[in-house]
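Working notes, beginning with the structure itself.
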Amino acid sequence: MDYDSDEDRKERDAFSERVKERDKEHTRKVASRSDKNAYEEAAKRLKLQTEKDRGRLIPKLRIESRRQYLKKRKEDKVTELEQDLIDDEYLFEEDELTERERKNREFQKKVLTIEKEFEKTSEIEKAPRYRIPEASKKGEDRYEEVDENEKVPHYEQKKWEQDQMSSAVFRFGAKNREDEQKAYDLILENQIEFVNPINISGTPGIEDEDKKPQLTEKQKRKMNIEETKKSLPIYKYRDELLRAIEDHQVLIIEGETGSGKTTQIPQYLHEAGYTKDKKKIGCTQPRRVAAMSVAARVAEEMSIKLGNEVGYSIRFEDCTSERTIIKYMTDGTLHREFLSEPDLESYSVMIIDEAHERTLHTDILFGLVKDIARFRKDLKLLISSATLDAAKFSEFFDDAPIFRIPGRRFPVNIYYSQAPEADYVSACVQTILQIHVTQPLGDCLVFLTGQEEIETCHELLQERTKKLGSLVKELIVLPVYANLPTDMQAKIFERTPPNARKVVLATNIAETSLTIDNIIYVIDPGFCKQNSYNPRTSMETLTIVPISKASANQRAGRAGRVAAGKCFRLYTAWVYKNELEDNPVPEIQRVNLGNVVLILKALGINNIINFDFLDPPPHESLVIALEQLYALGALNHHGDLTKLGRRMAELPVDPMMSKMLLASEKYKCSEEIVSISAMLNVNSSIFYRPKDKQIHADTARKNFHVPGGDHLMLLNVYNQWAETDFSIQWCYENFIQYRSMKRARDVRDQLVNLLGRVEVDLVSNISDNVNIRKAITAGFFYHVAKLSKGGSYKTVKHNQTVEIHPSSSLREALPRWVIYHELVFTTKEYMRQTTEIESKWLLEVAPHYYKSKELEDSTNTKMPKTVGKANSELG
DNA sequence: GAGCACTGC
């Protein structure tokens with residue numbers, strides 16, 4: 001597929017020569033695998049590729065190679081879905097327009113039918129598994145909300161809970177001290193009762209440590225590194241573990257938190273000689289901070305300067321050298337590394353840590369690493385996971401043995417609410433006060449779903465404590481969420497003053513990403529916000545959903561880090577037992593896979609549908625991703641990667657954006673497009689909008705508006721910031737988050753660097769915003785919407801009704817044609833980041849995708865711009 | 001006239 005100008009073709013061919021060189025290199029690498037079949041396959045692929053390339057230039061030969069391909073396809077048994085996709089090609093190169101249109105229509109029809117099916121299934125999924133009660137009801141009424149159909153479980157619930165209650169009952173307010181009685185009356189008038197059927201036991205003997213925690217702390221400081229290492233639970237298992245690794249190629253390590261596996265295992269392996277012959281030990285982490293801090297810790301333990309023998313590699317920061325033999329990295333980094341080293345040649349051991357978190361990258365890594373292990377028998381694989389998932393991983397890796405290492409933690413008592421809570425925010429407030437009045441001092445952590453909830457909870461708490469006045473001890477309330485400015489986040493780590501209690505109101509950020517010391521009490525309402533992506537409509541939805549058992553336990557565990565703790569769950573034990581899923585839905589099943597599919601294709605994995613996934617994503621997700629890549633020109637009609645696609649894979653952004661970046665050179669505005677891309681990458685958190693200064697923040701934001709749309713506004717923000725020499729002060733004045741801007745700058749630098757590598761020249765043309773918008777259109781022609789009645793829009797692809805997001809600069813202008821960056825469903829279907837375009841550009845940048853006919857109707861109708869506005873005013 | 005849970009390349 002090729003629809004760029006002839007000029008580009010020359011330059012492209014030169015590029016393709018170099019790419020071929022790299023392909024050969026890749027093939028050589030594959031050939032060095034002892035597996036003969038793999039080599040032959042790669043050779044075939046390369047041969048086929050060249051044939052196809054020739055075919056593109058000479059139609060006759062193309063038909064010939066297509067025949068060969070079809071023959072090969074039969075042999076290879078390409079899966080039906082991929083075959084369908086191939087059959088539904090657009091036939092760009094055919095001269096007969098009618099044929100093309102017919103095919104196009106067929107294709108659209110097919111997509112529609114899949115869509116309908118998908119909608120059916122998603123409807124079933126949408127049916128609530130767990131209802132959030134709407135109105136606040138008191139006492140026994142709480143039980144009666146359950147409707148007719150649920151009578152049986154309702155009865156079971158009661159019975160089960162009664163059984164549990166008889167085992168243990170925990171109540172607040174059992175104290176009699178008179179001076180505080182008044183306060184209790186005030187606080188406890190609506191008190192929540194908790195039952196305590198379960199507690200997570202700690203490590204045997206750890207209670208003794210609990211009794212004299214100060215002593216152990218002092219001891220710890222006195223201990224030298226060697227003693228600390230020996231005190232870790234894993235130390236006892238060192239030899240046994242090494243023997244198991246020796247005996248088995250793949251080993252699942254089931255280690256609880258605090259066992260020391262992340263820091264110790266690489267050191268053990270190093271001591272055992274796995275780093276001979278300049279081979280490395282790799283260890284992946286899901287988070288940047290973890291990779292850095294663990295590497296620093298290990299370097300300290302080995303008395304080595306960080307970055308020499310022990311190093312880490314994360315995006316924007318490579319702290320390794322040629323001497324590095326123990327390398328910590330984020331899973332995404334390793335994923336990228338595969339592109340340049342598809343067989344992990346320089347590693348002797350690869351440890352995938354925190355595998356149970358099931359990030360998108362670890363899930364892909366499983367498939368890749370499993371494949372490599374088949375032909376690289378000398379590569380050892382260690383998958384470390386939490387208790388619940390170990391068996392599943394073992395099964396995936398052909399029944400690999402599981403090695404258990406106990407952890408070290410304090411027991412946590414878990415209390416369930418006796419009745420479901422209608423309004424969990426006010427229930428949280430109530431519980432916090434109950435704890436504050438009745439429980440010994442100790443910090444408290446509350447899990448809420450988002451900024452808004454945290455703010456209301458904060459206000460309610462302040463209100464209630466104000467009423468109580470000096471009757472109770474001081475309560476310090478601190479919010480934490482990712483978008484909170486860093487200096488305010490830092491407050492949660494400050495030491496609690498004596499005779500006061502710290503309450504941290506946190507989002508999921510406190511579940512894994514940051515650890516607050518000295519938390520004794522955890523309050524868990526049982527909900528979190530979760531993003532899910534609908535590939536049909538390419539729409540994202542952020543919804544409040546019940547958490548899984550695994551997260552519930554993770555949250556509870558946060559109470560037992562320094563001493564025995566208590567966890568209060570604002571849902572019943574029955575709900576926990578019967579209604580919560582075991583694990584959260586893995587990320588791979590609810591995100592846009594465009595980028596992932598592109599990388600896999602770039603790694604030479606052609607049959608994506610049959611890729612070995614631990615939990616396969618929905619078929620539709622993959623098919624849509626393939627189809628989109630095809631329309632963008634990253635894949636040809638055989639479903640193979642094109643030169644354009646190979647260049648796109650180099651950029652760590654979504655396919656549409658990388659297409660936009662690569663197209664920008666043609667429109668002589670790559671400088672601008674790089675800035676826009678960087679800003680879009682962090683767009684969600686650029687503007688800071690505190691609750692008490694919303695009006696100021698909004699006017700500050702309006703000052704950045706530019707005619708044309710939001711993309712140009714983002715460019716304006718970046719350029720203005722750059723003009724002030726990246727000033728912090730400027731950010732404060734304009735209600736802009738410095739952290740996000742800094743990140744945008746980092747992303748921009750990286751993209752500039754990578755564009756150099758794929759040979760895109762940086763050119764600037766700020767005066768001509770038409771070209772900038774054309775370049776955006778060249779990447780995002782998939783995301784076009786047309787004005788319809790009442791100020792709403794219809795997407796061209798799905799004819800879906802959407803609206804411009806109220807924060808957009810085009811909210812009032814309502815241009816006839818817009819391009820949007822993403823669709824989000826919140827209260828309505830909104831387009832986020834919209835920019836005005838002209839419909840004829842679509843024919844210019846994506847002639848294969850748009851027919852003049854479907855763009856005709858409204859361009860010919862003389863509709864003055866103000867009509868849209870008038871309509872919206874009427875509505 | 002309305003929101004942005006959390007990571008990561």
Side-chain angles (χ1 to χ4, degrees), chain A residues 284-291 313-318 329-339 354 357-365 447-455 480-484 506-514 527-532 540-545 547 551 554 584 586-588 590-591 594-596 598-599 602 649-654 657-658 678 681-691 694 697-698 701 737 740 743 746-747 750-751 753-754 791 803-808 811-812 822 824-833 872 875:
Chain A
T284 71
Q285 293 289 319
R287 275 168 296 278
R288 296 160 55 89
V289 184
S313 176
I314 55 181
R315 189 183 187 183
F316 311 130
E317 221 181 311
D318 187 357
M329 61 199 127
T330 44
D331 43 18
T333 313
L334 181 62
H335 202 171
R336 282 270 150 202
E337 251 182 41
F338 263 94
L339 280 175
E354 314 283 353
E357 283 195 29
R358 306 292 307 278
T359 68
L360 176 64
H361 294 296
T362 39
D363 266 26
I364 302 289
L365 286 178
F447 285 99
L448 292 165
T449 63
Q451 180 177 352
E452 206 186 332
E453 262 179 37
I454 289 174
E455 276 165 358
V480 166
Y481 44 88
N483 274 352
L484 196 72
T507 58
N508 253 3
I509 195 172
E511 201 176 293
T512 48
S513 307
L514 53 88
F527 293 98
C528 69
K529 269 192 194 170
Q530 189 180 268
N531 197 355
S532 45
E540 286 176 18
T541 33
L542 198 62
T543 38
I544 295 179
V545 294
I547 58 170
S551 325
Q554 174 73 24
E587 197 183 353
I588 196 167
R590 47 184 179 82
V591 293
N595 202 12
V596 167
L598 185 61
I599 289 189
E650 294 286 332
L651 304 174
V653 293
D654 281 338
M657 196 182 276
S658 39
N681 256 299
V682 290
N683 91 59
S684 59
S685 46
I686 287 169
F687 298 97
Y688 178 55
R689 197 165 180 258
K691 224 179 178 181
Q694 284 179 0
D698 286 349
R701 184 175 183 155
Q737 299 235 36
S740 305
R743 202 186 137 75
D746 284 340
V747 174
Q750 191 193 24
L751 287 177
N753 192 3
L754 290 170
E803 274 181 39
I804 291 182
H805 196 274
S807 65
S808 166
R811 181 71 182 178
E812 272 145 36
E822 57 184 358
V824 287
F825 180 81
T826 47
T827 49
K828 278 179 188 166
E829 288 90 350
Y830 284 116
M831 300 180 279
R832 230 186 246 158
Q833 314 296 353
S872 78

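In what follows, chains carry the letters A, B, and so on, assigned in the order in which the sequence lines appear, proteins first and then strands, with residues in each chain numbered from 1. Just so you know, these numbers use all the heavy atoms, side chains as well, and skip hydrogens, waters and symmetry mates.
- Going from atom NE2 of A/His335 over to atom P of B/dG8 covers 16 Å, rounded to whole Å.
- Two residues are said to be in side-chain contact when any heavy atoms from C-beta on lie closer than 4.5 Å; A/Glu511 and A/Cys528 fail this criterion.
- For B/dG8, the OP1/OP2 oxygens have no side-chain nitrogen or oxygen of A/Arg287 closer than 4.0 Å.
- Using a 4.0 Å heavy-atom criterion, one finds that A/Ile509 contacts the sugar-phosphate atoms exclusively.
- Taking CD of A/Glu587 as the start and CD of A/Gln530 as the end, the distance is 10.0 Å to the nearest 0.5 Å.
- Residue A/Phe687 is the one, among A/Phe687 and A/Gln750, whose nearest nucleotide of DNA chain B lies closer to the 5' end (criterion: closest heavy atom).
- At the phosphate of B/dA2, neither OP1 nor OP2 sits under 4.0 Å from any side-chain N or O atom of A/Thr826.
- Distance A/Leu339 CG to B/dG8 C1': 15 Å, rounded to the nearest Å.
- Within the nucleic acid shown, A/Leu360 has no heavy atom closer than 4.0 Å to any nucleic acid atom.
- When heavy atoms are screened at a 4.0 angstrom cut-off, A/Thr359 is found touching no nucleic acid atom at all.
- As a whole-Å value, the separation of A/Tyr481 OH from B/dT7 P is 14 Å.
- Nearest heavy-atom pair, A/Thr333 versus A/Ile314, reported as atom, atom and distance to 0.1 Å: OG1-CA, 3.8 Å.
- Nucleic acid contact class of A/Arg315 (heavy atoms, under 4.0 Å, all strands): base.
- Within the 4.0 angstrom heavy-atom criterion, only backbone atoms of the sugar-phosphate kind lie near A/Gln451; the bases stay farther away.
- Residue A/Asp363 contributes atom CG, which lies 14 Å from atom C1' of B/dG8 at whole-angstrom precision.
- Contact annotation for A/Asn483: base contact, defined as any heavy-atom pair under 4.0 Å involving a base atom.
- For A/Tyr688, there are no ring-ring contact (aromatic ring centres under 6.0 Å, His included) partners two or more places apart in sequence or in a different chain.
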